[in-house]
Protein chains: 2
Amino acid sequence: MNLKELSHNLGLSQTTVSRALNGYPEVSPATRRRVEEAAKTFNYSPSTRAKGLATGQALAIGHVIPLSSKHEMVNPIFGDFIAGAGETYSRHGYEMILSIVDDDDERRIYEGLKSRRAVDGVIVHGPRMNEPRIGLLQDLGLPFAVHGRASGYDKPYAWLDVNNRSAFQRATDFLFDLGHRRIALINGLEVMDFAHRRREGYTASLRAHDIAVDAALMRSGEMTEVFGYQSTRDMLAGDDAPTAIISSSLISALGVRRAIEEKGLVMGKDVSVVTHDDALSYLQNGGDVPIFTATRSSVRDAGRKLAEMLLHSISNPNLPPQSVLLEAELMVGSSTGPAPRKD
Amino acid sequence: MNLKELSHNLGLSQTTVSRALNGYPEVSPATRRRVEEAAKTFNYSPSTRAKGLATGQALAIGHVIPLSSKHEMVNPIFGDFIAGAGETYSRHGYEMILSIVDDDDERRIYEGLKSRRAVDGVIVHGPRMNEPRIGLLQDLGLPFAVHGRASGYDKPYAWLDVNNRSAFQRATDFLFDLGHRRIALINGLEVMDFAHRRREGYTASLRAHDIAVDAALMRSGEMTEVFGYQSTRDMLAGDDAPTAIISSSLISALGVRRAIEEKGLVMGKDVSVVTHDDALSYLQNGGDVPIFTATRSSVRDAGRKLAEMLLHSISNPNLPPQSVLLEAELMVGSSTGPAPRKD
DNA sequence: GGTGAAATCCAAAGCGCTTTGGAAAACTGA
DNA sequence: TCAGTTTTCCAAAGCGCTTTGGATTTCACC
C-alpha cells in the first residue's frame, strides 16, 4: 500500500492525505480522522526512503563501531549502550544503523555515510587519546556525539562521559581511608581515553596521600577475566603485595577475586577490591547487597541520554555543542574492608 | 555531489555515468575509467535512499532485538553476533539496521519494517519455543533467517543453529565416562528454544545411562554469574551433592567456580564442570589451555554465516529455505576430572 | 564508399513521498 | 445577496537515482 493507492482509495489527493498524516493544519478534523483510520486498516506507513528523499532527512543515526583487526574484541559494554540508545530512537521515530568497521576503514565509512546521506548524525564509540575521528567528523560537517571524551582534542564538541577521573580518585581515597597504602590498579588499555583518565584519578589520589606511584602496581590491558586473574596473581606473588586492588571492569574483577581466593586469601579482608561497574544487564554486581564495592554508572542510561542529546542537536543545529559529565556513585559492597594490620 | 553534478562535470549524461559506475557493459572502458576516477576524486557515492527508491531494494537488513520489559537483559551474545553479521554486510554493501523492541511491540515493528520497505530481510534473534514471530514473518512475506530454531513450528524456514542437543548430550556422556553419576544442569531460561534443547540432550544422556532425572539437579534462569553461583551453592549444600555440573554459559560457569572454591573444593577434582562457550571475544575461556572443559561454538562465526545465508536467499528468492546445524566442539580443559571416589 | 551491426551515448519516465502555489468550496457579515 | 475570508483540497514539481527505448557514432567488411 502506498500513498497513491491510499489516497485513491479515499477519493482524496495525495497532498491531502500526506498532510493529514503529518499533522498539518490545513485539513479538516473529519478528513484527518478518516485518513488516519484508513491508514491504520490498510496498514500504511510511508516509505522511509521516499520520505527521506523528499525531505532531505535520513531519520537515522549511525553507530560506527571500530573493531581493530589486531585485538578483535567486541566491547562488552556495547550491547547495553545500544539498547539504551535504541529506546530513544524508537521513541523519536529514528532508525539506528550500525557499521562494524575495521580501524583503517573508518575515515572511508564516515565519508560514505555522509555522501550517501544515509544518516542524520553519528555516535562515536570508544574514543582514544587524541581521537582523530572527532576532527574528521567536524570537517565533514556530519553531526555527532561522542560516548566518552578525547583528551588532546580541544575544540568543543558534543560528548557524554562518566567522570572517570573523580570516580577513580574517590575509589582510591576510599581505600586510603580504610588504611590501605599499597593499592594496585588493573586498568583497561591506556590508549583508550577512559582508561587514561582513570589512571589520572588513581595517581592523583596517591599523590594527595604522599604515596609514590609504583609501576609494579599498575597493569593495563584488555579487560578480560583472565587479565584480571593473571595481573592479580602476579602482584600477590611479590614480597610487597598490594592490600587493595582497583579494577576497571567487573569482568576483570571476577578474575581478581579468583586469584585472591586461589591463594587462600579472603576478599574484603586480606585484600580489598573496588571495581568500576557499568551496570550491564547480564553482569550484575550481586543483588541488593553488591558483591563488589564499585563505582557505578549505567551504560544503558548513557546510551539513552547521548542519543537524546544527538537528536536534540540535530533538530537545533545552531546550538553550541552540549556536553554531560555523569558522576559515578560509589557503592560499598563486601569486597572492601580495613587494611590488614602488618604482623 | 550528486549524479547530476558529477555527470555534468564529466560532460556525460546521468545514464552513462550511472551505468559506468554500476558495471553495465554498454560503456567503453575508457569512459568507465574516467567516470570512476572522477567519482573518487569528488568523493561521490550514490544516495542510498534514491537508489533504493529506484531499484526497489533497501540494501539493508534488519535485526530486531526483543527486550522484554520484565527481565531487562541484553543478551551478552549479542555484540559478538552483530560483529560477525556486520562483517558480511559491509562486504556485500548492505547496511544493518537495528531495532530494540519491547516484546509486545514486535508485531508492529515487523509490519512497519515491511510496509515502510525499510529492509530487504530480517534476522530473528533469541527464538523461543513455538516462536510466533516465524509465522508472522512468513505471513508478511518478509525474508528472514533465524539464529537458533523454534521447536513447535514445523513449516520450513531458514535457520542456523548449534546442535545444542548433541552438544549437551556429549558433554553429559563425557562426564559419565569420567565416572560421574550425579550430574547437575544449570541452564538458561527454558522458554528459550536453545535451553530446551540443551536439557533434552542432557536428559537423553541420563536416560542412556539409566540414571533417573532428578529435578533437584536442574536449574533454569537468566545466565548470570550470580545465578551460577547461587545454584551451585544450593546444590553443593545438600547431602547428595552433584560431582559434576554442566553450565549453559561461561558467565554462569564463573559463578559455579566461585561457589565450588568458596566451599574449599577444587574444580576439576572434587567437582567437575563443563560449560557451553560461545567464544565471546571479551570472555575468553583461558588461553591455550582452556580453563573450562567446554562445548564451544563461535557466535561471531554464526553471525557471519547467518547473514550470508539471508543475503543469499534474498538474491535467490525461489530457493527453498536453507538451514545449517553447527556441531559444537568439545574442548577438554582443566575443569573436569574423574569422579571422586566415595569414601 | 556503402552497408549493416556493434558500440556508445542520451532524454525522459518512474520509484513514493513532500511541498509550493493555487483553485474551489464553504463560511462570514453587512 | 454578495464580496471577502477562511477552509479545504488539488495538480505538479522535485528529491537523486535506475532503466527503458532510441538515437547517434564507430567499426568491419565487401
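Below, read A as the first sequence line, B as the second, and so on, with proteins coming before strands; counting in each chain starts at 1.
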Over how many whole Å does the gap from [X] atom [atom1] to [N] atom [atom2] extend?
X        : N       : atom1 : atom2 : answer
Asn2(B)  : dG14(D) : CG    : P     : 14 Å
Met1(A)  : dC17(C) : CE    : P     : 11 Å
Leu53(B) : dT19(D) : CG    : P     : 13 Å
Lys4(B)  : dT18(D) : NZ    : P     : 15 Å
Leu59(A) : dT18(C) : CG    : C1'   : 13 Å
Leu21(B) : dG16(D) : CG    : P     : 17 Å
His8(A)  : dA11(D) : NE2   : P     : 11 Å
Gln14(A) : dG14(D) : CD    : P     : 17 Å

Exam field: side chain Thr16(A) to backbone Leu12(A), donor-acceptor pair closer than 3.5 Å: no
Student check: side-chain heavy atoms of Phe81(B) and His147(B) closer than 4.5 Å: yes
Is [X] touching bases, backbone alone, or none of the nucleic acid, heavy atoms closer than 4.0 Å?
X        : result
Arg49(B) : nothing
Ser28(A) : sugar-phosphate
Ser47(A) : sugar-phosphate

Pairing of Glu111(B) and Arg107(B) as salt bridge, 4.0 angstrom limit: yes
Check ion pair Asp161(B)-Arg149(B) (N to O, under 4.0 angstrom): yes
Let's see if you can work this out: which of [options] has an atom nearest to the side-chain heavy atoms of [X]?
X        : options                   : result
Thr16(A) : dC9(D), dT18(D), dC17(C)  : dC9(D)
Ala54(A) : dT18(C), dT18(D), dT19(C) : dT18(C)
Arg19(B) : dC15(C), dT19(D), dC9(D)  : dT19(D)
Ser18(A) : dG16(D), dT19(C), dT8(D)  : dT19(C)
Thr31(A) : dT19(D), dT19(C), dC9(D)  : dC9(D)
Thr55(A) : dT19(C), dC17(C), dC17(D) : dT19(C)
Pro29(A) : dC9(D), dT8(D), dC17(D)   : dT8(D)
Lys51(B) : dT18(D), dT18(C), dC10(D) : dT18(D)

Nearest heavy atoms of Leu6(A) and Phe42(A), plus distance in Å: CD1-CD1, 3.8 Å
Tyr24(B) side chain near dT20(D) phosphate (N/O to OP1/OP2, under 4.0 Å): no
Whichever of Glu26(B) and Arg117(B) has its nearest DNA chain C nucleotide further upstream toward 5': Glu26(B)
No-H, no-angle donor-acceptor pair, Thr15(B) side chain to dT19(D) base, under 3.5 Å: yes
Working for salt bridge (charged side-chain N to carboxylate O under 4.0 Å, His left out), residues Arg32(B) and Glu37(B): CA-CA 9 Å; Arg32(B) 188 187 306 275; Glu37(B) 262 161 32; over 6 Å; no
